[in-house]
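Here is how names work: the chains are called A, B, and so on, in the same order as the sequence lines, proteins then strands, and each is numbered from 1. Side chains included, hydrogens not; waters and symmetry mates left out as well; all remaining heavy atoms used.
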Number of protein chains: 2
Amino acid sequence: MLDIESGELISTSVMSSITIDCTIFGFENGSLEVLLVKHAKGISEGKWGLPGGWIQEVESIDAAAHRLLRELTGLENIYLEQLKAFGEPDRFPLGRVITVGYYALVKREDYSVKAGFTASEAKWFKIAEVPELIYDHTQILEYSIQNLRKRVRQAPIGFNLLPEKFTLLQLMQLYQEILKVEMDKPNFRRKFLRMKLLVDINEKQKDVSHRAAKLYKFDNNTYQKLTEKGFNFEF
Amino acid sequence: MLDIESGELISTSVMSSITIDCTIFGFENGSLEVLLVKHAKGISEGKWGLPGGWIQEVESIDAAAHRLLRELTGLENIYLEQLKAFGEPDRFPLGRVITVGYYALVKREDYSVKAGFTASEAKWFKIAEVPELIYDHTQILEYSIQNLRKRVRQAPIGFNLLPEKFTLLQLMQLYQEILKVEMDKPNFRRKFLRMKLLVDINEKQKDVSHRAAKLYKFDNNTYQKLTEKGFNFEF
DNA sequence: TAAACTTGTAGTCAATTAAACCATAAGATA
DNA sequence: TATCTTATGGTTTAATTGACTACAAGTTTA
């Protein structure tokens, strides 16, 4: 099959006219960031876009998204969820292609850029500094951010952006950054601790130039129990 | 193009390997129902499934879903939202086809079955009485119900299932039916009225064999305002 | 070494909200 | 008229929220 974007021959074992595109979120130094790739060839050469690719004939859409992430980041167990399908007739300039959007949350401590992707370069961008993107990727990114804001208030998915062990302040700053709100430290503590979702691991921060804060882990067990009867995350 | 399901020739102006399927919800006599169609020809003859169809080369996915609804029900302004794309490699027995799931909410008072769809018959089923469905439609329906439960607690979309004018008890029963919970009448009233989303139209029920309840309308204006700063619908 | 500074953690208090009730009103039916 | 059903208005208690104060535990600076 002829790749309508690069003009090269690609495997005939992929579905034509359907792709996936993934917004990969990371959290570093108090800022929410996304991983973008620079397209090396084809009509969009030199422009930045969301990582994406084709779906193979024999793999599910989810599997394709996981494969894409593995190829790009080397990570296996990434938090990944489908957003929706984007399918304006003119979204792709060289033909009718529908794309299935995904968003992923990665722990930056685990992440290392992997070379050899079909894009020449991959780079983290702060949300506010994202450049103009190819096709409808700006729209997909915007939708991803809205979705992240919504989801983070309904389930504790924010943990996927933090290291294994984190402080309550880090957690609060994550929420502040994603939701773009100011919060009160004592109130946040109380509210979050009451949910019983955090395990006190009896460790403290090291090498900080102030009083060291307690470190916590996320307790997935109680989360599962709470989820069943439905609960809320308003701050 | 050969329709892989019916074996008939269909217009070549549709995308191959992508379809849409739509869960249409209705509310009648206190029960949540879905509209299913019986397939008349092809390998799934005689079996029930969600209404679905192909996407034309020049229309957006959303437009295709709206067209499908118009063809099936004759209604133009239906509440419609995309769920997600379903794409297990083996979901469709005769080839690799990805489907984009939608769900719609209709007012039963507006609805009348429209003949001449590619299915021989269309019928409303109570959720608990839905028969075995073709392909992965049971899974799509299940996902739709979960999604409806989630959405109904985040935005007042339930109104789309009720007549223009309704009583507070009808509204409460709708929530009870969708969420499968028992609620307290006085508390529900107070909570809902406080949101200022209902307009008292100074009318009462007629022909009921008990004290007539006030009728209300949904106030879309205040809803738009409230939505901007985000609010919650827990009951 | 002491003071100043930074961040963590505990507690207080008024205002709001939620949940479980009880009570009465407004009809219709027997 | 009595009784039944549903509508609607209150009360009470406990829990939660939001704004704020205070102090603890370290580091850095003077």
Check: Partners of A/Tyr143 by ring pair (Phe, Tyr, Trp, His ring centres under 6.0 Å), sequence neighbours excluded?
Finding: A/Phe86
Next item on the list: Using a strict cut-off of less than 4.0 Å between a Lys/Arg side-chain nitrogen and an Asp/Glu carboxylate oxygen, indicate whether B/Lys196 and B/Asp219 qualify as a salt bridge.
Entry: no
Next item on the list: Mind running a 4.0 Å heavy-atom check of residues 168-193 of chain B against DNA chain C and sending the residues that fall below it, in number order?
Entry: B/Asp184, B/Pro186, B/Asn187, B/Arg190, B/Lys191
Next item on the list: Give the minimum heavy-atom separation between B/His66 and B/Ile78, together with the two atoms involved.
Entry: CE1-O, 3.8 Å
Notebook entry, point to check: What are the two closest heavy atoms between A/Thr73 and A/Tyr111, and how far apart are they?
Noted result: CG2-CE1, 3.5 Å
Margin query: Side chains of B/Leu35 and B/Leu72, heavy atoms from C-beta outward: is any pair under 4.5 Å?
Written below: yes
Notebook entry, point to check: Would you say B/Val106 and B/Asn160 make side-chain contact, with heavy atoms under 4.5 Å?
Noted result: no
Check: Where does the chain A footprint on DNA chain C start and end, counting 5' to 3' with a 4.0 Å heavy-atom cut-off?
Finding: C/dT7 to C/dT12
Next item on the list: With sequence neighbours excluded, tell me which residues meet side chain to side chain contact (heavy atoms under 4.5 Å, CB included) with B/Gln176.
Entry: B/Met172, B/Gln173, B/Glu182, B/Met183
Next item on the list: Considering non-hydrogen atoms only, spot the tightest contact between B/Gly52 and B/Leu68 and give its length.
Entry: O-CD1, 3.5 Å
Check: Considering the options B/Phe192, B/Tyr216, B/Phe159, B/Phe218, which one meets the ring-ring contact (aromatic ring centres under 6.0 Å, His included) requirement together with B/Phe166?
Finding: B/Phe159
Checklist line | Upstream residue (5' side of DNA chain C) when A/Lys214 and B/Arg194 are each assigned their closest nucleotide | finding: A/Lys214
Next item on the list: Can you sort out the partners of A/Ala65 under side chain to side chain contact (heavy atoms under 4.5 Å, CB included), two or more places apart, ordered by chain and number?
Entry: A/Ile20, A/Leu80, A/Tyr102
Output a table of nitrogen or oxygen pairs between the protein and nucleotides 26-28 of chain D separated by less than 3.5 Å.
unit_1	atom_1	unit_2	atom_2	d
D/dT27	O4'	A/Ser209	O	3.4

